[in-house]
Participant: 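The following block contains the structure, expressed as structure tokens.
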Amino acid sequence: MGSTLSMTSYKRNALEIRGRGRIARLGAILLALAPALPVPALAADDALAAGEGDDDFYCRERKLGQWFYCERPKPKPSEQKTAEPAQSASERIAAIAKQLDELKARAILEPSEENVIAYVRFQREQLDRASTFSDTWQRALWQNPDIDYTLQRPVSTVAKRAWTDNRTSDRSQVLSHLGQRYGMFYFFAQSCGACEIFAPILRSVADSHGLAVMAVSTDGGPSKDFPNYVVDSGQRERMGVPNATPALVLFDTATKKTVPIGFGILSADEIMDRIFMLTNTKVGSDY
């Protein structure tokens, strides 16, 4: 009986030893195959999401931030994309002009059908753009009278005639009252050929508008159109009039200042228009 139990125990122990041996061999096989087996990896988005929550259990208590991405990795400087500044309108215009010149030069130097068509098409695009701008400009002037210069200086035939008639009327009225404040000095010389041409023109303007003219001879010689002349005895220098003849100058009795009208030969219309502008319009208001 004792020997039978001993045999049974022996067999059981032998089976356990064999089983352990087989388990050991399976373990060795698994270890050998481990590097080749796929290992499930934590997805980057899941890992970042886990880190964004600042999980106390993983990131603080167990200090596993290195593996669970508790802190989002910062991108390298080379990976950061810098936004390009938008082009200004003047830069875009310059780029269009440069491209147009390049296409034109290419079409001239290499006159293939493709190059010529490319240049003509791009040029047409710019002409269409210019036409649109011109049309918009005209519509804006029609609807905004404050920026329409033609209301001050008309260009149409009918409006220009009306503006000229009103201007002539205003000018004549100003010239008829000019002597109340201004005195007119005419500097001439007997040896001056231009003075012989200009003197009768000035005489006609003075007579038609009742203007008083003081003729001053710079060389002492007479003038047939202004027989009641005086010889220059320093008047010209004191008034600061340049040494040129003929010279027409207004003297403002209110401000005691000279107002040069012009030098050389002037037409009757030029004389009247200059007097009107210099005495009754502000700088820049008439243009």
Participant: Do the side chains of R171 and D269 get close enough for a salt bridge, i.e. N-O under 4.0 angstrom?
Facilitator: yes
Participant: With heavy-atom distances below 4.5 Å as the criterion, would you say the side chains of L100 and Y119 are in contact?
Facilitator: yes
Participant: Taking everything shown except E114 itself, do over 12 heavy atoms lie less than 6.0 Å from its CD?
Facilitator: no
Participant: What's the shortest heavy-atom distance between R181 and A254, and which atoms?
Facilitator: NE-CB, 3.6 Å
Participant: Flag the pair F251 / Y182 as yes when their ring centroid distance falls below 6.0 Å, and as no otherwise.
Facilitator: no
Participant: Does the distance from a Lys or Arg side-chain N to an Asp or Glu carboxylate O, for R161 and D165, drop under 4.0 Å?
Facilitator: no
Participant: Ignoring hydrogens, what is the shortest heavy-atom contact between S217 and G220? Give both atom names and the distance.
Facilitator: OG-N, 2.9 Å
Participant: Using the six-membered ring wherever Trp is involved, compare the ring planes of F133 and W137 and label them parallel, tilted or perpendicular (cut-offs 30° and 60°).
Facilitator: perpendicular
Participant: Under a 3.5 Å distance rule, please check whether N115 uses its side chain to pair with a backbone N or O of P111 as donor and acceptor.
Facilitator: no
Participant: Can you name the nearest heavy-atom pair linking A206 to V213, along with the distance?
Facilitator: CB-CG2, 3.8 Å
Participant: OG of S134 to CZ of R139: how many Å apart, nearest 0.5 Å?
Facilitator: 10.5 Å
Participant: When you look at Q235 and S233, which way does the side-chain hydrogen bond (donor to acceptor under 3.5 Å, both in side chains) test go after all the steps?
Facilitator: CA-CA 6 Å; Q235 297 96 321; S233 58; 3.2 Å; yes
Participant: For the CG atom of L211 and the CD1 atom of I271, what is their distance to the nearest 0.5 Å?
Facilitator: 10.0 Å
Participant: Counting C-beta onward and ignoring hydrogens, is there a side-chain heavy-atom pair between V231 and V216 closer than 4.5 Å?
Facilitator: no
Participant: To the closest 0.5 Å, what do you measure between OG (S172) and CZ (F276)?
Facilitator: 10.0 Å
Participant: Going through the checks in order, is the side-chain contact (heavy atoms from CB on, under 4.5 Å) test met by Y186 and L202?
Facilitator: CA-CA 9 Å; Y186 166 52; L202 178 59; 3.6 Å; yes
Participant: Rounded to the nearest 0.5 Å, how far apart are CZ of R236 and OG1 of T258?
Facilitator: 11.5 Å
Participant: Under 4.0 Å between a side-chain nitrogen and a carboxylate oxygen: does that hold for R121 and E125?
Facilitator: no
Participant: Got a second to check how far D232's CG is from T245's OG1, nearest 0.5 Å?
Facilitator: 11.5 Å
Participant: Donor-acceptor pair, distance only, cut-off 3.5 Å: does the side chain of E196 make one with the backbone of G193?
Facilitator: no
Participant: Start with the C-alpha gap between M214 and F187, add the side-chain angles, then the distance that decides, and say whether side-chain contact (heavy atoms from CB on, under 4.5 Å) holds.
Facilitator: CA-CA 9 Å; M214 174 61 71; F187 294 92; over 6 Å; no
Participant: What are the two closest non-hydrogen atoms of D225 and P200, and how far apart are they?
Facilitator: OD2-CD, 3.5 Å
Participant: Is there a donor-acceptor contact under 3.5 Å from the side chain of Q126 to the main chain of F122?
Facilitator: yes
Participant: Given side chains that start at C-beta, do those of S191 and D219 come closer than 4.5 Å, heavy atoms only?
Facilitator: yes
Participant: Run the numbers on L266 and R274 for side-chain contact (heavy atoms from CB on, under 4.5 Å), then give the verdict.
Facilitator: CA-CA 10 Å; L266 302 174; R274 290 188 184 189; 3.6 Å; yes
Participant: Any carboxylate oxygen within less than 4.0 angstrom of a Lys/Arg side-chain nitrogen, looking at D252 and K256?
Facilitator: no
Participant: Run the side-chain contact (heavy atoms from CB on, under 4.5 Å) check on M184 and L178 step by step: do they pass?
Facilitator: CA-CA 9 Å; M184 187 178 295; L178 187 70; 4.2 Å; yes
Participant: Which heavy atom of C195 sits nearest to which heavy atom of A189, and what is that distance?
Facilitator: SG-N, 3.7 Å
Participant: Would you check if F263 and P246 make a side-chain contact, meaning some heavy-atom pair closer than 4.5 Å?
Facilitator: no
Participant: Between CG of D207 and CZ of R203, what distance do you get to the nearest 0.5 Å?
Facilitator: 4.5 Å
Participant: I'd like to check S223 versus Q190 (side-chain heavy atoms, cut-off strictly below 4.5 Å). Are they in contact?
Facilitator: no
Participant: Where is the tightest heavy-atom contact between V241 and A247, given as atom of each residue plus distance?
Facilitator: CG1-CB, 4.4 Å
Participant: Working note: T164 + N166, criterion side-chain hydrogen bond (donor to acceptor under 3.5 Å, both in side chains); need CA distance, chi angles, decisive distance, verdict.
Facilitator: CA-CA 5 Å; T164 302; N166 291 333; over 6 Å; no
Participant: Given side chains that start at C-beta, do those of V249 and V259 come closer than 4.5 Å, heavy atoms only?
Facilitator: no
Participant: Is there a continuous path of hydrophobic side-chain contacts, each under 4.5 Å between heavy atoms, that joins L103 to I96?
Facilitator: yes
Participant: So does Q173 have more than 12 non-hydrogen atoms from other groups sitting under 6.0 Å from CD?
Facilitator: no
Participant: Answer with yes or no whether the hydrophobic clustering places M277 together with M272; edges join I, L, V, M, F, W, Y residues whose side-chain heavy atoms lie under 4.5 Å apart.
Facilitator: no
Participant: Is the ring centre of F188 less than 6.0 Å from the ring centre of F226?
Facilitator: no
Participant: So, the side chain of T150 versus the backbone of R153: is there a donor-acceptor pair under 3.5 Å, distance only?
Facilitator: no
